[in-house]
Amino acid sequence: MGGQMQQRNASATSLYDQSADGGSHHNAGSANDAGDAVMARWLQSAGLQHLASPVASNGIDQRLLPNLLMQGYGAQSAEEKQRLFKLMRNLNFNGESGSEPFSPTTQGSGGIGASDGFYSPDFRGDFGAGLLDLHAMDDTELLTENVDSEPFEQSPFMPAVTKAVENDQDTLPYRQQRGQTDVDASFGLPTLEKEISSRENNVAKIKVVVRKRPLNKKELSRKEDDVVSVCDNSLTVHEPKLKVDLTAYVERHEFCFDAVLDQQVTNDEVYRETVQPIIPIIFQRTKATCFAYGQTGSGKTYTMQPLPLRAAEDLVRLLHQPTYRNQKFKLWLSYFEIYGGKLYDLLSDRKKLCMREDGRQQGILLEVLVLLELMRSLQGHMLYYN
Ligand SMILES: Nc1ncnc2c1ncn2[C@@H]1O[C@H](COP(=O)(O)OP(=O)(O)OP(=O)(O)O)[C@@H](O)[C@H]1O
């Protein structure tokens, strides 16, 4: 850290040496002091006074100063680098047209004019008409933060993990651990596949599936770009951005999920990927929840609407299989809406529902007016759920 500080100061001092000496790297005295003052004021105008230090050092080519400052010898944080960049960009215009609040003064003893010091052709050196070669810089240095996302940890739904689980007796499916007979819950899959599918379904408690929706008419008519691309279980958001020098570029953010469904997939495929695997689990006396999350217009209703009907079909089909038929399972349906913190029964003209806490604090009781048993309907019962 100490070494870094010293070199940073060396850069600043060396800058003035050159300007006051007309090319020499070895200047000192009052001109040097004046140079330090100008440098300090210059940096101060951007709140970067701490980068200017009176410690002198030789041997650094002042023409390299801008890059040295940008590359970590000077500004440390991204914000500092941005401020320094703007400050130096103003120098590119010889101080004439800078839009930033930058006005190095040339007054006072030993002051230097516009043709000297920071504005001198010598100082600009290899950068030609401009002080800083924008294209030679590492663009990422100017970003406020590193936005490249780390891919999420691999999900237990992914094949590699599934393999590991197959060797782990502790994580065998619920019904296998209890010696229950296998049930044809996988709808005609070969036995091995059923086994694997059953294990997969029992491994992870949560599965996150993303569905991409196509651009809608409005977006198409506005000729908007499709900024999301899908590849296997990951999606990439292509974010158009502008550099500080107004060059356009695209920033890519990649996200991995348990499954990503591209825009051409049908609602049936969505059902197969999301709800169908959890149907057999319900028959193992576990609870299952499926919900959609997304911004308005992203396709939650479009995606969720067909799912309950498909799920009901499969549930009823399983209910009629020999294993379950004798267990006298019943299938009940309630349908309510949570809106503005209140509950409404959608099977009873949106009648407001009361929500009560269980005395043992093990769940919430809902007074549902209409609770349908699939195949016949009943009135006025209580639904219990956690
Ligand atoms: N995968 C898709 N394929 C084709 N059209 C879609 C798809 N997803 C959504 N849409 C269409 O986009 C529009 C918005 O979808 P939807 O109403 O489902 O969004 P939402 O997330 O429920 O919105 P809100 O939160 O405002 O209720 C609808 O016209 C719908 O038909």
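For ligands, and for the atoms within them, numbers begin at 1 and follow the listed sequence. Fair warning: this is a prediction, and the values are worked out from it, not measured in the lab. Numbering starts at 1 and runs along the sequence shown.
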What pairs of residues pass the side chain to side chain donor-acceptor pair (under 3.5 Å) test when at least one of them lies in residues 298-311, not counting sequence neighbours?
Arg211-Thr303, Asp268-Arg310
Indicate if Leu319 and Leu315 have the same hydrophobic cluster label, given that clusters are the connected sets of ILVMFWY residues with side-chain heavy-atom separations under 4.5 angstrom.
yes
Run through all N or O atoms in ligand 1 and write down each protein N or O closer than 3.5 Å, as a pair with its distance.
unit_1	atom_1	unit_2	atom_2	d
ligand 1	18 (O)	Thr301	N	3.2
ligand 1	18 (O)	Tyr302	N	2.8
ligand 1	19 (O)	Gly299	N	3.1
ligand 1	21 (O)	Ser298	N	3.3
ligand 1	21 (O)	Gly299	N	3.1
ligand 1	21 (O)	Lys300	N	2.9
ligand 1	21 (O)	Lys300	NZ	2.8
ligand 1	22 (O)	Thr301	N	3.0
ligand 1	22 (O)	Thr301	OG1	2.6
ligand 1	23 (O)	Gly297	N	2.8
ligand 1	25 (O)	Lys300	NZ	2.7
ligand 1	26 (O)	Thr296	OG1	2.3

Quick one, Ser229 with His238, criterion side-chain hydrogen bond (donor to acceptor under 3.5 Å, both in side chains). Give me CA distance, side-chain angles, the key distance, then yes/no.
CA-CA 8 Å; Ser229 62; His238 305 262; 2.9 Å; yes
Applying side-chain hydrogen bond (donor to acceptor under 3.5 Å, both in side chains), name anything that partners Arg350, two or more places apart in sequence or on another chain.
Glu337
Apart from Leu220 itself, what residues make up its hydrophobic cluster, given side-chain heavy atom links below 4.5 Å?
Leu215
Is it true that a side-chain atom of Glu273 and a backbone atom of Val270 form a donor plus acceptor pair closer than 3.5 Å?
no
